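Take a look at the structure set out below.
Note that the coordinates shown come from a computational prediction; the quantities given were computed from them, not determined experimentally. Whatever order the structure lists ligands and atoms in, that order sets their numbers, starting from 1. Note that the numbering runs from 1 along the sequence shown for the chain.
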Amino acid sequence: MNIATETIHLVTAIPGPRSAELQKRREASVPRGVASVLPVFVRRASGATVEDIDGNQLLDFTGGIGCQNAGHLLPEAVRAIHEQIDHFIHTCFMVTPYESYVRLAEELNARAPGAFSKKTFFVTGGAEAVENAIKVARHFTRRQAVIAFEDSFHGRTQLALSLTGKSKPYKAGFGPFAPEVYRMPYGYCYRCPHSLTYPSCEVECARRLESTFKRYIEAESVAAVIFEPVLGEGGFFAPPAEWFEVVTSICRKHGILVIADEIQTGFCRTGPMFACQHFGVEPDIVVTAKSIAGGLPLAAVTGRAEIMDSPGPGGLGGTFGGNPVACAAALEILKAVDTLDLSERSRHIGSMFESITHDWPGRFPFIGEIRGLGAMRAIELVKDRFTKEPASEQTRAVLAACHRRGLIIISAGTFGNVIRMLVPLVVSDGQIEEGLRVLEQALAEIQEKGGSHQ
Ligand SMILES: Cc1ncc(COP(=O)(O)O)c(C=O)c1O
């Protein structure tokens, strides 16, 4: 086995013998609930490439699930991490603070949407940031209820899971869930919950927020509405701008806070620093994580200063929140956003994706929709374009065919029928072409095996 293209270089079948051996040990020692997408164990990674312990070089279109927008091992971040480790690794910001935490908070306050005064604090992961955003919103409004959306994903801890709108595999068997969480359909036009068509629908889905107040929970008890500006795990769908206008104006009318979960969409994934900027949304609170610190565990809750200052001393925080090594890396990631112009890079990747894939729907009848913003791109597969029956098995088969060819790529979608691209934004044009060529071959392979039932 010796397959070499520009980046991908396979010297063994995937997985190679060393990875296969380790996978057996993994299965014996790690619970199966921790998913295993690609049983290929990593030796090193750089930019948009991953080398496994068998010496195979793979092309990474997943970036640790959206954590490597600035690329694996951004040299400036690596240098800052080393330097920080030589000084101190942990003191707990709540006990003896350090400047990098404050500087990073200042940076995020300045960059988050909205020309109002903001404050930021740090925690260790996305779910914890979501939980804290809800805590702050409840404390400030003195209200308890939260409205979240179908097809959403907000994390795996109990409150974040309660907000999440996908049962299997995330919620099934893990109840009871947190109280005072209410749900309404998202603006997922491809699968319109009301069987209407945009724009003649006049974003009925968003207007339903008012009837949610009549049917399920009175507006005066609602602390916040939380949404992802583009569905991540739910299938990379962005509602039309009017959806955001209607939802936020209804929230404002009733004194309900708007929380944007930008954990997957932030840090230029969709083009601008935050996806909310596409739609002119100025959330009261925005949560970020994933690509914030080049792969180190860090997450942020940023919001209007008066809201963020509602809880008293000790009400917020955590032992490891805003770890100095992660903060040092995050400051370099923010510099890279500017110096590498990751926003422009993201837009460029998006337009390459559009021009390369534009004729795919004509060639592959099981493609239902190709969509996305900037470099957050996806392909939804269906068994039938009219019924839109999700083609989950075919999606799994396409991904497996990509993996065999050395392309790391994963699925999304409530029905597991969406192929999603979260490629590091430092990827070269040649690597984008190469990765999409592999995806095209995989689609063709599955089509030949009978993937299409148009
Ligand atoms: C939109 C969104 N919110 C929250 C989370 C949870 O983040 P974490 O896995 O860091 O807890 C994720 C993770 O995929 C996400 O995509």
Side-chain angles (χ1 to χ4, degrees), residues 33-35 37 62-69 122-135 137 146 148-166 169-171 174 177-178 181 183 186-188 224-239 258-270 273-276 278 281 283 285-302 318 320-323 326 329-330 333 372-378 409-414 416 418 420-423:
V34 182
V37 174
T62 300
I65 318 192
C67 297
Q68 296 294 356
N69 288 4
F122 298 102
V123 290
T124 49
E128 196 186 351
V130 167
E131 300 241 352
N132 274 282
I134 303 295
K135 267 176 71 174
V146 182
F149 291 89
E150 291 177 2
D151 303 306
S152 62
F153 184 80
H154 296 293
R156 289 182 172 85
T157 55
Q158 208 63 358
L159 175 54
L161 193 56
S162 306
L163 296 166
T164 290
K166 178 171 173 175
Y170 303 124
K171 301 178 80 159
F174 293 123
F177 298 106
V181 171
R183 193 171 309 287
Y186 190 72
Y188 190 167
V225 165
I226 181 166
F227 56 73
E228 297 160 83
V230 181
L231 288 179
E233 176 62 31
F236 279 29
F237 194 90
V258 172
I259 303 176
D261 178 344
E262 290 254 14
I263 287 169
Q264 195 158 157
T265 51
F267 291 86
C268 310
R269 171 52 49 194
T270 71
M273 175 78 176
F274 298 95
C276 278
H278 284 285
V281 178
I285 301 177
V286 56
V287 284
T288 48
K290 287 203 184 277
S291 271
I292 190 173
L296 288 180
L298 185 72
V301 186
T302 302
F320 287 120
N323 169 272
I333 297 296
L373 282 174
M376 188 166 184
R377 294 281 162 173
I409 189 162
I410 58 173
S411 67
T414 299
V418 179
R420 63 171 143 170
M421 185 176 84
L422 287 167
V423 68

Quick one: nearest non-hydrogen protein atom to atom 16 (O) of ligand 1, plus distance?
Q264 NE2, 2.8 Å
Under 4.0 Å and counting heavy atoms only, is there anything from the protein next to atom 9 (O) of ligand 1?
no
Numbering as shown, the atoms of ligand 1 that approach D261 to under 4.0 Å (heavy-atom distance)
1 (C), 2 (C), 3 (N), 4 (C)
Answer yes or no: is there a side-chain heavy-atom contact under 4.5 Å between I263 and V130?
yes
Is the shortest heavy-atom distance from the side chain of L231 to the side chain of F153 under 4.5 Å?
no
Option whose closest heavy atom lies nearest to atom 15 (C) of ligand 1, chosen from V123, T265, I263
I263
For E233, what residues pass the salt bridge (Lys or Arg N to Asp or Glu O under 4.0 Å) criterion, not counting sequence neighbours?
K166, R420
Return yes if a side-chain donor-acceptor contact under 3.5 Å exists between S291 and Q68, otherwise no.
no
Any N/O pair G126/ligand 1 closer than 3.5 Å:
yes
Please say whether K290 places an N or O atom under 3.5 Å from an N or O atom belonging to ligand 1.
yes
Shortest non-hydrogen separation from F149 to V225 and the atoms involved
CE1-CG1, 3.6 Å
Please report whether ligand 1 has a polar contact with F153, defined as an N or O pair separated by less than 3.5 Å (distance criterion only).
yes
Residue A127 vicinity, atoms of ligand 1 by number, heavy atom under 4.0 Å:
6 (C), 7 (O), 8 (P), 11 (O)
Look at ligand 1 and say whether E228 reaches it with a heavy atom at a distance under 4.0 Å.
yes
Hey, does the Lys NZ or Arg CZ of K290 hover above the aromatic six-ring of F267, less than 6.0 Å from the centre and inside 45° of the axis?
no
Ring geometry between F237 and Y188 (parallel below 30°, tilted from 30 to 60°, perpendicular above 60°):
tilted
